[in-house]
Amino acid sequence: MSAVGDKQAVEHLRQRIDQEIAQLRHTMRTLITHRNVLAPCLRLPVELLSEIFILNATTLHPDDLSWLHVASVCQYWRSVAINTPRLWTRISFKAEPWVTLLLERSKTMPLTVQLDLCARQFDYRCSGFGLVGKSMHRVRRLTIDSGEMRGTVHMLWRLMTYPAPLLESFVFYNPPPTRSAAISHVPSLFGNECPSLKRVELHRCTWCWATSLFTHTVTHLTLNGQDVHMRTTVDDILGALDRMPNLESLNLIQITPDIPWFFVPASAQGHLVRLPRLKSLTIDALALSCAILLYHICFPSDTRLILRCNAFRRLDEFLAIGHAIALKYRKEESSLAETHSLKSLTFVPCWDNEHAIEVIAWHQAFTSHELHEAAHTRRDEAQLRLHLRWYGSSPDYSVASLLYACRALPLDSVRTFYVPKYVSLTDQAWLEVFGGLKSVTAVWVHGVAATHLPDALRRESCGQCHVDITGEFAVGDLLRRHTRVPSLFPLLHTLTLEEVDFTGDTCPDTAFFWQLQDAVLERGRQAQRLQLNIYRCRNFIIEQLQDLRMVGADVTWNGEEILDFDLHDIDSDDSAEDYEDYYDYDETPEDSEAGDDELEELEV
């Protein structure tokens with residue numbers, strides 16, 4: 001056919017070609033569909049594919065809708081996604097049509113609702129919440145972040161009057177209050193009908209202590225009154241806790257009542273609240289406020305305590321919190337006292353806050369190495385975490401705070417003790433702060449805190465009258481009638497030193513090594529053979545290792561020499577200079593016999 005042939009024939013031919021192309025495309029799509037069916041992801045059972053879609057959606061933030069892409073992959077995936085009601089139960093508010101679609105596709109499944117009013121699309125979010133309010137009988141978890149629009153929050157409260165029989169979790173967040181925005185108040189909600197409620201969290205807002213949210217079904221309660229300054233009384237708090245006897249987790253953050261700074265509670269008086277199922281208790285308030293709440297709340301001794309205490313004006317306020325904690329352990333039955341007593345102890349200076357230190361204790365009797373690891377990686381498992389905060393930059397405040405806390409805490413059962421990097425403690429500070437650790441058998445000390453530890457280990461006292469009797473006494477001295485007992489760690493068996501400098505800053509007689517050697521000798525006289533573990537210590541050499549073994553210590557060293565001097569500049573043990581006194585002195589037989597007599601007297 002020529003290019004300028006009949007136009008009808010050309011058009012007819014073009015139509016035939018287009019039909020063949022369409023048929024080929026249909027055939028290609030059919031073949032591609034058959035080929036895709038062979039893909040493993042398209043041969044998964046509907047139940048398994050549904051669980052994968054749900055898992056993918058639940059790992060994302062509620063406002064992240066990227067999980068919707070699974071409905072656009074192929075017809076099979078879209079059909080599975082649309083017919084999986086659990087995939088559409090997480091409602092984060094966008095527009096009313098979107099909320100309507102979620103409610104339809106979720107069918108009758110329980111809903112998880114999260115409303116974030118921090119963004120500025122308030123109108124359609126609240127209109128969508130009106131639809132959810134009418135379906136409150138299906139809501140299982142409800143989280144509200146109010147943002148700064150307090151009027152919008154009040155509108156929400158009016159929409160939350162429907163009963164919520166399935167509601168298990170209610171969380172309300174309020175941003176820090178500003179001058180332009182008032183503090184939100186949470187009223188009684190859900191028509192006072194929420195029989196399944198287990199978790200309640202109220203942050204930076206006010207509430208009525210008689211609210212129906214505080215019901216006997218609640219097991220997890222968090223009340224955060226930060227920046228709110230609620231005016232409440234101890235009776236208000238205890239009355240609300242009385243209605244929640246099944247609590248397992250209780251967090252009270254700056255909602256405790258104000259107590260005069262001169263008031264020191266000594267015992268529980270008046271109303272007592274019993275929480276027999278409590279597993280975790282967190283209180284963040286003034287030290288005296290923490291103490292008075294502990295005195296009035298009865299819970300098992302295996303309850304995990306997290307206490308963040310602020311000293312108002314005096315550091316000895318930490319005594320009150322220590323006595324309150326000790327009272328809880330002393331009330332335990334004798335059969336469980338050994339199991340639930342504190343057996344491993346450490347403290348951690350808060351490097352991000354120079355005005356704070358944390359005391360941490362476990363019920364487990366760790367070894368030294370286990371406690372060293374737990375102090376860095378397992379703090380969340382500790383039975384007691386006492387966070388002490390004060391005002392003042394002097395290091396003495398840190399030591400004094402630690403002194404008052406340890407003086408009152410029930411630490412007589414502690415077996416293992418770890419001292420991290422800390423300020424240099426004097427021998428008197430060691431005795432005053434840690435003198436109550438009478439059952440400690442293993443101690444690990446890190447850094448300069450060990451500088452005066454050997455001096456403290458040499459101190460002795462009378463086991464009966466507790467008088468310091470350190471030193472030598474002449475024959476016939478009345479002090480020889482005392483029972484000599486080490487003042488610090490009398491049962492010490494294992495001492496681990498890490499990154500300790502074995503040299504002295506002044507004269508060789510005050511070097512750490514000589515003091516440690518004397519401490520080993522003193523403990524050896526009382527039939528206490530020390531096990532010394534030395535790791536990464538400065539200026540420690542193999543000769544000192546041998547000397548410590550000669551005086552009776554079992555020494556383990558990692559062999560790492562970190563020296564501030566050259567060994568070649570030090571005289572060897574075999575040099576004539578070291579023994580010049582012996583070389584220049586002509587010993588006679590009479591002198592030798594006199595020397596033997598002196599040795600016999602010393603042995604006697």
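Going from atom CG of N251 over to atom CG of L221 covers 8.0 Å, rounded to the nearest 0.5 Å. Remark: L319 CG to L288 CG distance equals 10.5 Å, nearest 0.5 Å. Going from atom OG of S368 over to atom CZ of R415 covers 14.0 Å, rounded to the nearest 0.5 Å. How far CD1 of I534 is from CG of L548: 6.0 Å, rounded to the nearest 0.5 Å. If you take NZ on K279 and CZ on F299, they are separated by 15.5 Å, rounding to the nearest 0.5 Å. Taken to the nearest 0.5 Å, the CZ atom of R459 stands 5.5 Å off from the CG atom of D427.
Side-chain atoms of Y535 and T556 include no donor-acceptor pair closer than 3.5 Å. Checking E370 against H372 by side-chain atom types alone, no donor-acceptor pair falls below 3.5 Å. There is no side-chain donor-acceptor pair under 3.5 Å between H493 and Q531. With 3.5 Å as the limit, one finds a donor-acceptor pair spanning the side chains of D501 and T503.
Counting all heavy atoms, side chain and backbone alike, L345 lies closest to A361 at CD1-CB, 4.2 Å. Across every non-hydrogen atom of I321 and F318, the tightest pair is CG2-O, 3.0 Å. Shown here for S344 and L371, the closest heavy-atom pair between the two residues is CB-CD1, 4.0 Å. Listed here is the closest heavy atom pair of A287 and E317: CB-O, 3.9 Å.
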Dump the intermediate steps for salt bridge (charged side-chain N to carboxylate O under 4.0 Å, His left out) on R204 and D227, then the final yes or no. CA-CA 7 Å; R204 287 193 173 99; D227 301 325; 3.4 Å; yes
Do V500 and V445 pass the side chain to side chain contact (heavy atoms under 4.5 Å, CB included) test, and can you show the C-alpha distance, the side-chain angles, and the key distance before you say yes or no? CA-CA 8 Å; V500 177; V445 187; 5.6 Å; no
Before you tell me yes or no, could you show the steps for D284 and N310 under side chain to side chain contact (heavy atoms under 4.5 Å, CB included), namely the whole-Å CA-CA distance, both residues' side-chain angles and the distance that decides it to 0.1 Å? CA-CA 8 Å; D284 185 346; N310 300 313; 4.3 Å; yes
Yes or no on side chain to side chain contact (heavy atoms under 4.5 Å, CB included) for N533 and L497, after CA distance, side-chain angles and deciding distance? CA-CA 6 Å; N533 302 318; L497 302 173; over 6 Å; no
Start with the C-alpha distance between Y418 and F366, add both sets of side-chain angles, then the distance that settles ring-ring contact (aromatic ring centres under 6.0 Å, His included), and finish with yes or no. CA-CA 10 Å; Y418 171 65; F366 295 133; over 10 Å; no
Audit row: V171, V200, side chain to side chain contact (heavy atoms under 4.5 Å, CB included) steps and yes/no: CA-CA 6 Å; V171 180; V200 176; over 6 Å; no
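Partner of E358 under the salt bridge (charged side-chain N to carboxylate O under 4.0 Å, His left out) criterion, out of R308, R385, R389: R385 alone.
Side chain of T215 to backbone of S212: no donor-acceptor contact under 3.5 angstrom is found. In this structure a side-chain-to-backbone donor-acceptor pair under 3.5 Å is missing from T441 to L491. Without hydrogens or angle criteria, R549 side chain to V555 main chain gives a donor-acceptor distance under 3.5 Å. Of the possible polar contacts, one joining the T217 side chain to the L197 backbone as a donor-acceptor pair under 3.5 Å is found. Although no hydrogens or angles enter the test, the distance criterion places a donor-acceptor pair under 3.5 Å between the side chain of S439 and the main chain of D412. At distances below 3.5 Å, at least one donor-acceptor pair connects side-chain atoms of T377 with backbone N or O atoms of E373. Side-chain atoms of T303 come within 3.5 Å of backbone atoms of P300 as a donor-acceptor pair (strictly under, hydrogens ignored). A donor-acceptor distance shorter than 3.5 angstrom exists from the side chain of R379 to the backbone of A375, with no hydrogens or angles considered.
If you look at W444 and F417, their ring centroids are not closer than 6.0 Å. Between F489 and F434, the distance separating the two ring centers is not shorter than 6.0 angstrom.
Under a 4.0 Å N-O distance rule, the pair R304/E381 does not qualify as a salt bridge.
Other residues, nucleotides and ligands place no more than 12 heavy atoms under 6.0 Å from the CZ atom of R274. A 6.0 Å sphere centred on NZ of K198 holds no more than 12 heavy atoms belonging to other residues, nucleotides or ligands.
Ring planes of F502 and F512: perpendicular class, angle over 60° (limits at 30 and 60°).
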